Amino acid sequence: MNPWIIGLIVLLLAYLVSILVSLRARKNYAHLPSHPQWPFIGNAYKIFGDSHNLFLYYEELSKMAEMSNKPYVLWAGPLPVLILSNPDDIKAAANTFLEKPFYYNFAKIWLGNGVLLAPGWLWKKNVKKVASAFIGSAVEQYQGIFNEQAQKLVRNLEQETNGDFFDSFYYVSLSSLETICKVSFGASKTFNAEKYYAALHQTLDLILARITNVFLHPEWIYRLTSGFKKLSESVAVLHDFTLTILRKKKQDRNLGKSDIKETEKSKAFLDLMLDLSETDPHLTEKQILSETATVIVGGQETVANTLFYIFLVIGTRKDVQDKLCTEIKNVLGDRDVQKEDLHKLVYCEAVINETLRLYSPVVGVLRYADRDLKLSNCTVVKGTAVVLNFWGAGRSERLWGASAPDFDPDRWMPPNVPCTNAHLPFSTGKRACIGKKYAMAFLKTVVANCVRNYEFTTDEGFKQTSFKIDLALRPVDGNLIKIRRRN
Ligand code: HEM
């Protein structure tokens, strides 16, 4: 028989089998909003294209879910992906499902089995150890680093006070990277933030390029590409930084020396991991490398994006900057931020929360349903990939009222009662962010320092800007600000 005909029959049979396997899910999800399906690829045609196209689709499906108040279903070929936007559904799924779908594996070459990517059983073993470096009392010890870094950012921004519009992303990225690296590595002399940043961004870009190209998903194909070679090289740069510092620390420990100076108030994340590894055989050098890379990426990209959006939104609102200035003056005057000040910066917290509600850097996360779960409008069928849609929950007019699209920090101020149930930028449930306390303390410290030194103005283009989903939410354009020294 003609080999083409044999190939076609095999393909058809595979297609029929996949339809049969997914019959139960198809029946369960038949009443949910979706787009028309194409043979073989289902709705996957909706996610082809660039990261801007991906955002437009995400926005469209979020609106469909909002209007119907039901989950949206996407068929990635024969595989169902259920997008949950209702906070109760999101919470139920986040508390039930520990596993992550295979898409996360594309970052394993870099983050290994660190807590972000680890299978459920390993995550349970390690999460408390990693999280112990970011609980309240540990974060309080980093306040000196936060002040130092915020002041450095203020100094770096000085060169942009010539009245021209500029893109603040590089400045805030470097600042958040240096901060999380100081917390992770301690005061290492070998750390070069610019070199680390270049490798980090090349790594993120290459992983994203793979996620958005289904032809690169099979491992054996990807390994034949130049992208794989480049990714291996940039990951090697990142791992070498950590390994050099880790091995030096180990050497010093063996010699009974410590590189922790008397003046350093906090213990670096790596030192904490090394302490724990003395009694915990699971904390191998490889595992410590993965946990450190995870903490650095967790604490860098998200924090940088949040600061970037804060500067953009406050630049459109002089009244918000005036209120921030009054609060900063009343709580701090001209002095450094101390840990006792953080809870008093109430309006500053409202500005951060409102920015995160509208521009959550992580628009959604994925979980793998390893069992059935009953929700209000459907049953999640085992084998489904579930998206927890934080963007949809944060912008829902049903939950936040008609003013949901507006930037309004006052909705967080008493006596107003915000819909905290639908505010999920740090995720929720078992695998939620462990860095929230760190993030809020650092963000407040930077905002206080920057706003008391500069007045921000945003380019008009920002109001019309659209977004793209490049792992984190990024604007397509219109992302420029202007700063002026305050008297
Ligand atoms: C505004 C800042 C931040 C935002 C919006 C944010 C958001 C998130 C989200 C949505 C997740 C869940 C990811 C998933 O389920 O796939 C997550 C997890 C994580 N974040 Fe953050 N994060 C922020 C800051 C930080 C910081 C500062 C650190 C470290 C110091 C950090 C470390 C982590 C880690 C280690 C995880 C994995 C937790 C686990 O799976 O157990 N994050 N973050």
Side-chain angles (χ1 to χ4, degrees), residues 90 93-95 97-101 103-107 111-120 122-136 138-139 141-142 145-146 149 172-173 175-177 179-185 266 268-269 272-273 290-310 349 351-368 385-391 393-394 423-447 471-473:
I90 292 178
N95 281 320
F97 306 131
L98 262 190
E99 304 299 335
K100 303 202 172 175
Y103 307 104
Y104 281 74
N105 291 346
F106 299 152
L111 305 178
N113 271 326
V115 282
L116 186 66
L117 307 184
L122 187 61
W123 173 83
K124 279 187 198 156
K125 269 192 184 352
N126 288 333
V127 68
K128 281 206 179 116
K129 297 169 214 164
V130 178
S132 66
F134 301 103
I135 54 170
V139 171
Q141 324 255 305
Y142 308 143
I145 299 179
F146 295 165
Q149 289 296 320
V172 292
S173 291
S175 173
S176 59
L177 178 65
T179 310
I180 189 66
C181 287
K182 279 211 157 179
V183 165
S184 303
F185 299 148
S266 58
F269 178 74
L272 181 81
M273 290 290 109
S290 300
E291 300 300 1
T292 311
T294 301
V295 158
I296 291 176
V297 71
Q300 195 273 328
E301 198 58 14
T302 49
V303 172
N305 271 286
T306 309
L307 275 176
F308 170 79
Y309 287 114
I310 292 174
E349 184 163 315
V351 169
I352 296 169
N353 277 333
E354 184 65 351
T355 309
L356 282 169
R357 180 182 72 80
L358 286 173
Y359 308 102
S360 167
V362 186
V363 292
V365 298
L366 285 142
R367 296 288 181 269
Y368 174 74
V386 179
V387 175
L388 314 181
N389 180 8
F390 308 142
W391 165 277
H423 186 59
L424 303 163
F426 295 98
S427 190
T428 179
K430 289 190 178 139
R431 295 189 83 158
C433 182
I434 59 164
K436 183 176 174 186
K437 286 214 160 70
Y438 170 114
M440 291 308 280
F442 180 60
L443 289 168
K444 281 184 187 174
T445 309
V446 173
V447 171
L471 293 186
L473 179 78

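All values derive from a computational prediction rather than experimental measurement. In each ligand, atom 1 is the first atom listed, and ligand 1 is the first ligand listed.
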Nearest non-hydrogen protein atom to atom 7 (C) of ligand 1, with distance, is P425 O, 3.4 Å
One should read off an interatomic distance between N305 CG and S173 OG, to the nearest 0.5 angstrom, of 7.0 Å
Pairs satisfying salt bridge (Lys or Arg N to Asp or Glu O under 4.0 Å), at least one member in residues 431-441, at least two apart: none
Testing the basics here: between L116 and Y104, what is the closest heavy-atom pair and its distance to 0.1 Å? O-CD2, 4.4 Å
List the closest protein heavy-atom neighbour of atom 39 (C) of ligand 1: residue, atom name, distance to the nearest 0.1 Å. W123 NE1, 3.5 Å
Closest heavy-atom contact between K124 and L98? CE-CD1, 3.5 Å
Could you identify the single nearest non-hydrogen protein atom to atom 30 (C) of ligand 1 and state the distance to 0.1 Å? F134 CE2, 3.3 Å
What's the shortest distance from atom 1 (C) of ligand 1 to any protein heavy atom, and which residue and atom give it? T306 OG1, 3.3 Å
Heavy atom under 4.0 Å from ligand 1: found in V365's side chain, backbone, both, or neither? side chain
What is the closest protein heavy atom to atom 40 (O) of ligand 1, and at what distance does it sit? V115 O, 3.2 Å
Return the closest protein heavy atom for atom 37 (C) of ligand 1 as residue, atom name and distance. L116 CD1, 3.7 Å
At the 4.0 Å heavy-atom cut-off, does A432 count as touching ligand 1? yes
Does K125, at its NZ atom, have more than 12 non-hydrogen atoms belonging to other residues, nucleotides or ligands within less than 6.0 Å? no
Distance from atom 27 (C) of ligand 1 to nearest protein heavy atom, with residue and atom: Y438 CD2, 3.2 Å
Partners of Y142 by ring-ring contact (aromatic ring centres under 6.0 Å, His included), sequence neighbours excluded? none
Atom indices of ligand 1 within 4.0 angstrom of V127 heavy atoms, with elements: 41 (O)
Among all protein heavy atoms in this structure, tell me which lies nearest to atom 16 (O) of ligand 1, with the distance rounded to 0.1 Å. Y104 OH, 2.9 Å
When L356 is tested against each of V351, T306, V362 for side chain to side chain contact (heavy atoms under 4.5 Å, CB included), which residue passes? T306
Indicate yes or no: at least one non-hydrogen side-chain atom of L471 is less than 4.5 angstrom from one of E301. no
Tell me the contacting part of I180 for ligand 1: side chain, backbone, both, or neither, using a 4.0 Å heavy-atom threshold, strictly below. side chain
Looking only at heavy atoms of F442, does any of them come nearer than 4.0 Å to an atom of ligand 1? no
Give me the ring orientation class for F442 and Y438: parallel if the planes are under 30° apart, tilted from 30 to 60°, perpendicular past 60°. tilted
A107: side chain to side chain contact (heavy atoms under 4.5 Å, CB included) partners, not counting sequence neighbours: L111, L117, I207
Listing residue and atom name, which protein N/O/S atoms are closer to atom 21 (Fe) of ligand 1 than 2.8 Å? C433 SG
Consider ligand 1: state whether an atom of it lies below 4.0 angstrom from any non-hydrogen atom of R367. yes
Hey, does E291 sit under 4.0 Å from ligand 1 if you only count heavy atoms? no
What is the distance from atom CD1 of I180 to atom CD1 of I145, rounded to the nearest 0.5 Å? 9.5 Å
Examine distances only and state if a side-chain atom of R367 and a backbone atom of V386 form a donor-acceptor pair shorter than 3.5 Å. no
Which heavy atom of A118 sits nearest to which heavy atom of W123, and what is that distance? CB-N, 3.9 Å
